[in-house]
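Read through the structure below, which is laid out as structure tokens, and then see the notes.
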Amino acid sequence: MKVQPVRSENSIVFSQQQEEEESLLNNKRVIKEKKKSICSGCFSIKVVIVFLVACLVIACAFFVWLASFIGARQSLKTMSTRLMHTFGDFVFARLDSYFNPFIQVGQELAHDYNTGLLNNISLSMWSKYLMKKHLYTNSFGVGVYMYDGLYAVSVNGAPPNTTISFNTQTKFDTRMSTYSVNSTTNAMIPSSHYYYTFFNSTAQSFWTESFKLMDSIGKDSVIGDPYYSLVGAYTLYYSAKIYDPVLYEYGLKKVMGIAKVNISLRAIQQFLKQLQLLNTGYVIVAETNNLVIGGSINTTAVNQKSRVSVFELQDRNAGSLMKQIATTYGNLSNTPNLMEVSSMGVGYSVFRDLYTIENIAWNLFIVIETGEIEESINISTGATVGVAVAVAIMMEFDKVDFVSSLFKEVDNIFLYLREMTVWLNEIKSFLPESVFLQLKSLTAENVQNATKYEVDEIGSTENSSDQHITSKSSRHVSKQKFQETDGNSLFKIGLSLKKCSIIRIHLTNFTKSFTGEEITHLFSKISTGLSSISKTIQANFQTLSVDEYQITISSDFSEVRGKSVNQVALESSLRFLKMIANINETTLNDRGVRINCCIGISSGISLCGNLGSSSFRSFFSVGGAVQNAKTLSTLASELNCHLLADSSTVNEETLPLFVARPVSRLLLEPFLYEKNQSMNVSNIYEVIKENNVEKDEWMYELQQKEVNEKYKEYNSFFLFDRLQQFSNDEDLLEVLKSTCEKMNFYLEKNIEDIAATKLLEVLQYFAKLEVKECGEPLNQLLFKFHSTLPYTLSNNFHGLDYVVVTEL
């Protein structure tokens with residue numbers, strides 16, 4: 001019998017589950033391949049980020065440029081208008097300064113005649129009087145022309161071969177007499193007398209033209225029309241009526257003639273020719289009848305004599321432009337002040353203004369090409385786009401500064417490095433500037449010497465190991481040699497001779513006028529400023545006290561600075577004074593008290609270097625220049641000056657670079673005491689500012705003219721530099737008295753000028769001396785004069801014993 005297995009329900013279920021699990025396992029082993037897209041893996045996320053940021057930067061730059069373009073276009077138009085207005089004011093001011101002396105001389109001549117000052121004077125006195133007026137104006141002629149005579153000085157011939165003659169003719173003469181003039185005494189030379197034919201004043205064109213103009217405008221003085229004179233240049237003349245002196249005294253006016261001064265146009269034409277406005281701008285001055293007076297372009301006729309109309313100018317397309325303006329507005333006198341005109345395809349900005357003086361009226365035209373003004377807008381546009389592109393290109397995202405780490409040891413290193421940097425940054429402020437300056441000035445010689453010593457050490461060590469020499473004495477010598485080398489490798493001890501400028505700064509009221517809290521706040525600003533200046537010029541900066549500082553500038557870094565130590569010292573001191581002025585105007589504006597800064601500068605040979613020992617050392621400057629700088633800072637306080645320097649600092653090289661004035665003569669210490677040098681007398685200068693000339697030289701001259709005139713006037717009072725010009729005591733004494741009178745007038749306008757007051761006391765002292773009782777020439781006494789700053793024990797001592805005359 002055959003037996004067959006019987007399958008239960010449980011076994012059937014188990015087999016079904018097993019089959020399902022095997023099927024599931026087989027499905028898991030099948031891994032689907034990665035689906036590929038068209039642009040899969042073609043772009044880097046870094047590139048995308050850079051691209052998006054670059055687009056953002058360019059978009060921002062575009063909108064910034066659009067705003068700046070609109071603003072720049074409007075602002076440039078406003079600035080160009082203001083520029084042309086300012087330029088026109090400058091031209092008018094120069095024309096006034098040229099005409100006013102001639103008008104003044106003509107009015108003085110008429111006044112002196114009308115009041116009887118010129119009645120019954122000799123021909124020699126007439127000659128001297130008229131020559132004085134002629135030399136004051138450098139005119140082509142000046143004189144008095146009457147119905148029945150004349151007295152005149154005239155210029156004959158063409159430059160440079162010109163002569164001056166004195167002409168006279170009275171009512172009793174049938175001919176005009178002419179005399180040569182002595183150029184030294186301004187008097188006529190009787191032996192040079194010769195005759196001309198009778199000169200009829202009333203028949204001359206200037207006579208008839210003058211009275212015609214006076215009658216038409218109702219005035220007693222006029223300026224005549226230009227004419228070509230015999231001296232080879234176009235000339236104007238100023239004429240004023242003269243009256244009978246006897247009747248004029250009683251208020252009656254009987255015309256006797258005219259007082260006339262000839263005015264050359266050559267100086268005006270040369271001034272206009274030198275003007276330059278941007279690159280394409282030019283200036284034209286013309287009469288209202290359109291005849292040219294002069295300009296910065298070529299306005300001369302071919303034959304060098306004829307007058308030229310503005311419509312006939314060829315240079316810079318000026319004639320065509322003026323025709324276009326006249327066609328547009330009817331004539332050149334009816335145009336607005338500012339015009340935008342196009343001529344021959346070129347756009348112009350034209351400014352017109354009317355210059356008037358006495359009876360004359362001239363049109364001033366200032367022309368600038370609009371393309372030159374818009375050029376700056378195009379440049380700014382290109383710069384903006386270029387910066388945007390450069391920023392987008394130069395962006396780097398892969399540079400990251402690591403300041404921490406996941407690893408404990410590395411993270412501790414970062415922590416210790418940060419703490420060390422903080423400590424070094426704090427300690428650095430306590431180190432003198434001389435330390436960092438000497439570190440920078442290490443030469444290759446020090447490195448070579450250190451290398452040589454190191455080689456010697458290695459060689460001696462090898463020899464000792466080969467020979468088995470281990471004695472104690474040899475080790476001691478080697479150690480001493482290493483220490484000496486190491487000590488000399490950085491900061492050497494000792495003084496060396498150097499050309500130096502010593503700047504001594506004293507804040508005279510700093511500790512007396514301010515509280516402790518204010519001193520703490522202000523000292524941080526002052527010390528920071530001085531430290532910055534010293535680092536810039538590579539100088540040694542020392543704080544002597546809270547209100548006294550010293551800067552030593554040596555010639556070691558002259559090649560780096562590119563300037564002499566004298567110039568660097570003066571520039572740095574003026575820079576510090578500006579900083580103090582800024583502190584006074586901002587921080588102390590509401591305080592009511594200002595920091596009073598007095599600076600003294602002395603230049604010369606000094607001993608400089610480190611002094612001390614291995615436990616303490618510091619930088620020092622030794623010599624007369626140090627004491628002299630201190631003395632000058634004290635003198636500056638006494639004279640109420642901010643910056644004083646000796647003649648070794650303000651010399652022929654530096655004087656043209658600064659606005660300075662001499663204020664005293666002082667007995668100073670010699671530069672080196674060890675060579676038994678004697679004390680010397682030095683002129684002391686007050687330095688006011690740098691004598692900079694801006695690119696727009698005409699604008700600078702206009703703004704600084706009044707400021708510089710005061711110092712030029714003061715320099716003429718300081719006679720000690722001009723003693724060799726006086727050959728005898730009488731002339732010198734006369735100049736002394738005249739200078740005292742001028743200084744009294746100067747002090748009326750500048751009453752707070754203590755230096756001028758002290759100088760006046762000195763000059764008055766010498767002006768009162770009796771020449772015969774002096775015992776030696778007066779110029780020698782003046783040459784030996786100097787001041788001192790005595791330090792004496794006195795209960796009532798205060799100020800300067802200023803007038804001291806001693807033997808040199």
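Note that the structure is a prediction, hence the values are computed from the model and not measured.
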| query | Sub-3.5 Å donor-acceptor pair from the side chain of Thr649 to the main-chain atoms of Ala645, do we have one? | reply | no
| task | Just do the side chain to side chain donor-acceptor pair (under 3.5 Å) check on Thr86 and Asp89 with the steps written out, would you? | result | CA-CA 5 Å; Thr86 305; Asp89 293 340; 5.4 Å; no
| field | Pair Ser647-Asn683, side chain to side chain donor-acceptor pair (under 3.5 Å): steps then yes or no | value | CA-CA 5 Å; Ser647 57; Asn683 290 341; over 6 Å; no
| Quick one: are Ile551 and Asn540 in side-chain contact, heavy atoms under 4.5 Å? | no
| task | Mind checking the OH-CZ spacing from Tyr685 to Arg661? Nearest 0.5 Å is all I need. | result | 13.0 Å
| task | Could you tell me whether the side chains of Asn566 and Ser564 share a donor-acceptor contact shorter than 3.5 Å? | result | no
| task | Output every pair passing ring-ring contact (aromatic ring centres under 6.0 Å, His included) with a member in residues 514-534, not counting sequence neighbours, ordered by first then second residue. | result | Phe510-Phe514
| task | Examine the side chains of Thr552 and Ser621 and answer whether a donor and an acceptor come within less than 3.5 Å of each other. | result | yes
| Does some side-chain heavy atom of Ser545 sit less than 4.5 Å from a side-chain heavy atom of His506? | no
| query | Within the distance-only criterion (no hydrogens, no angle test), does the side chain of Ser531 pair as donor or acceptor with the backbone N or O of Thr528 below 3.5 angstrom? | reply | no
| request: Ignoring hydrogens and angles, state whether a donor on the side chain of Asn628 or Thr631 is under 3.5 Å from an acceptor on the partner side chain. | output: no
| said: Can you see whether Tyr746 engages Asp753 through a side-chain donor-acceptor pair at a distance of less than 3.5 angstrom? | reply: yes
| Quick one: are Leu277 and Phe87 in side-chain contact, heavy atoms under 4.5 Å? | yes
| task | Go through the steps to decide whether Ile533 and Phe576 satisfy the test side-chain contact (heavy atoms from CB on, under 4.5 Å), and finish with yes or no. | result | CA-CA 8 Å; Ile533 293 173; Phe576 178 70; 4.0 Å; yes
| message | With a 4.0 Å cut-off on N to O distance, would you call Asp547 and Lys512 a salt bridge? | response | no
| query | Is Lys563 salt-bridged to Glu571, cutoff N-O under 4.0 Å? | reply | yes
| message | Are more than 12 heavy atoms, taken from residues, nucleotides or ligands other than Met679, located less than 6.0 Å from that residue's CE atom? | response | yes
